[in-house]
There are 2 protein chains.
Amino acid sequence: MSDTSTATPESLSQTLAESGLRSTPQRELVFNVLLKKRDHPTADEVFARVKAEMPTISLATVYNCLETLVQCRVVRAVNFERGPTRYCPNQKPHAHFHDESTGSTHDIDLPPGLLDQVKSILPDGYDSNSVEIIFRGKAKD
Amino acid sequence: MSDTSTATPESLSQTLAESGLRSTPQRELVFNVLLKKRDHPTADEVFARVKAEMPTISLATVYNCLETLVQCRVVRAVNFERGPTRYCPNQKPHAHFHDESTGSTHDIDLPPGLLDQVKSILPDGYDSNSVEIIFRGKAKD
DNA sequence: AGTGAGATTTAGAATAATTCCAATAAACTA
DNA sequence: TAGTTTATTGGAATTATTCTAAATCTCACT
Ligand SMILES: [Mn+2]
Ligand SMILES: [Mn+2]
Ligand SMILES: [Zn+2]
Ligand SMILES: [Zn+2]
């Protein structure tokens, strides 16, 4: 059973190509680091993880790569409070749960139809192409 | 018919007092400016509007007042993308619609029960005390 | 009314995250 | 392989916000 929720490493170079962008070791590594530990890291955290494998990479490049991955829609940028942007490789539509006691962020699967249901509250004249749902609270564990 | 969705100017000093804080001309004015034009201004925008009436106020004070109003829960801080925090005096539970073509933000009323319905998707062990819903798209007008 | 304690405001310095820039390097194309 | 375009890099610049320390204000108490 293959995971359709995220692009696989092999498919990244294809996705990049489809956008007229090149596959580079930096882009591949940044993406792999996001896939490996899905804790919604900041750019700085991605930088630290990536540097362990590619010590010469620069922070500017990490920002560039993340931006590129977001443009290609293989990664989502998440902002739920002032503070560094966080990055998420989960391609499946999902909500975010921000645990206020630990500071950690969890993905919450959405039951089919929920997004449409939520979109249906929009008055006439509002045409939405994306819905973001953010929970805040405390999670067991 | 009184508007129960936002605190009235008179009630602010009471709300402040309940939190052990003082009512000051700066706090009152910052709050009134938010009530007067509900376009989710940034701190800088609030500063500009407030300065028109109180030319000696400082930006630091505007930040301080906004922070105070958020603590007292008479104002909501809104962050849906990297970029300056925006401030909203609508106390009623509501969603935000971010119009990508104009950059403007609209409040969307929530039908009763919707928040509970959305909260009900949370798996066991997740205890949420707030839900935020953000739409992105284009609005007529 | 006068005094002192604590709260608030203020200007400017400091910080954090991100973006910009101009030079180098790498990748693709012909 | 030469030429062209795209990507990476380190450092400077920018933006939004927070911090700091001094001045001012408010309130409670006399
Ligand atoms: Mn970051
Ligand atoms: Mn601002
Ligand atoms: Zn996520
Ligand atoms: Zn609002």
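Naming: A, B, ... by sequence-line order, numbering from 1 per chain.
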Using rotation axes that map the C1' atoms of four end pairs onto the next four (five pairs an end), what angle separates the end axes of the helix from dA1(C)-dT30(D) to dA30(C)-dT1(D), to 10°? 30°
Are OP1 or OP2 of dT18(C) and a side-chain N or O of Arg82(B) less than 4.0 angstrom apart? yes
Check the orientation of Tyr126(B) and Phe97(A). Use parallel for under 30°, tilted for 30 to 60°, and perpendicular for over 60°. perpendicular
Give Thr56(A) one of three labels, base, sugar-phosphate or nothing, depending on what nucleic acid heavy atoms sit under 4.0 Å from its own. sugar-phosphate
Under the side chain to side chain contact (heavy atoms under 4.5 Å, CB included) rule, what do Cys88(A) and Arg38(A) come out as? Steps first, then yes or no, please. CA-CA 7 Å; Cys88(A) 173; Arg38(A) 294 155 170 259; over 6 Å; no
To the side chain of Ser58(B), which of dT10(C), dT18(C), dT9(D) is closest? dT10(C)
Side chain of Ala60(B) only, please: which of dT17(D), dT10(C), dT18(C) is the nearest? dT10(C)
In whole angstroms, the gap separating P of dT15(C) from CG of Asp44(A) amounts to 16 Å
Round to the nearest Å and state the distance from Lys51(B) atom NZ to dT9(C) atom C1'. 15 Å
Atom CD of Glu67(B) to atom P of dT9(C): distance rounded to whole Å? 13 Å
Distance below 4.0 Å between Thr61(A) side-chain N/O and dT9(D) OP1 or OP2: yes
For the backbone of Gln14(B) and the side chain of Ser11(B), can you confirm whether one donor and one acceptor N or O come within less than 3.5 Å of each other? no
Starting at CZ of Phe31(B) and ending at P of dT8(C), how long is that distance when rounded to a whole Å? 17 Å
In 5'-to-3' order, the base (B), backbone-only (S) or no-contact (-) status of each nucleotide in nucleotides 22-30 of chain C, using a 4.0 angstrom heavy-atom cut-off, is ----BBS--
Compute the ring centroids of Phe135(A) and His106(A), then answer whether they are less than 6.0 Å apart. no
Atom CG of Asn64(B) and atom P of dA23(D) are separated, to the nearest Å, by 18 Å
How far does CG of Leu12(A) sit from CG of Asn32(A), to the nearest 0.5 angstrom? 8.0 Å
Please enumerate all residues that pass side-chain hydrogen bond (donor to acceptor under 3.5 Å, both in side chains) together with Thr56(A), with sequence neighbours excluded. none
Angle between ring planes, His98(B) versus Phe80(B), binned at 30° and 60°: parallel, tilted or perpendicular? tilted
Rounded to whole Å, the CD-P distance (Gln71(B) to dA7(C)) equals 16 Å
Closest nucleotide among dT9(D), dG12(C), dT17(D) to the Tyr63(B) side chain: dT17(D)
Any non-hydrogen side-chain atom of His40(B) less than 4.5 Å from a side-chain atom of His96(B)? yes
Please state whether the phosphate of dT10(C), meaning OP1 or OP2, lies under 4.0 angstrom from any side-chain nitrogen or oxygen of Gln26(B). yes
Could you state the CG-P distance from Asn79(B) to dT18(C), rounded to the nearest angstrom? 12 Å
Any Lys/Arg nitrogen of Arg49(B) or Asp39(B) sitting under 4.0 Å from an Asp/Glu carboxylate oxygen of the other? yes
CZ of Phe47(A) versus P of dG10(D): gap in Å, rounded? 8 Å
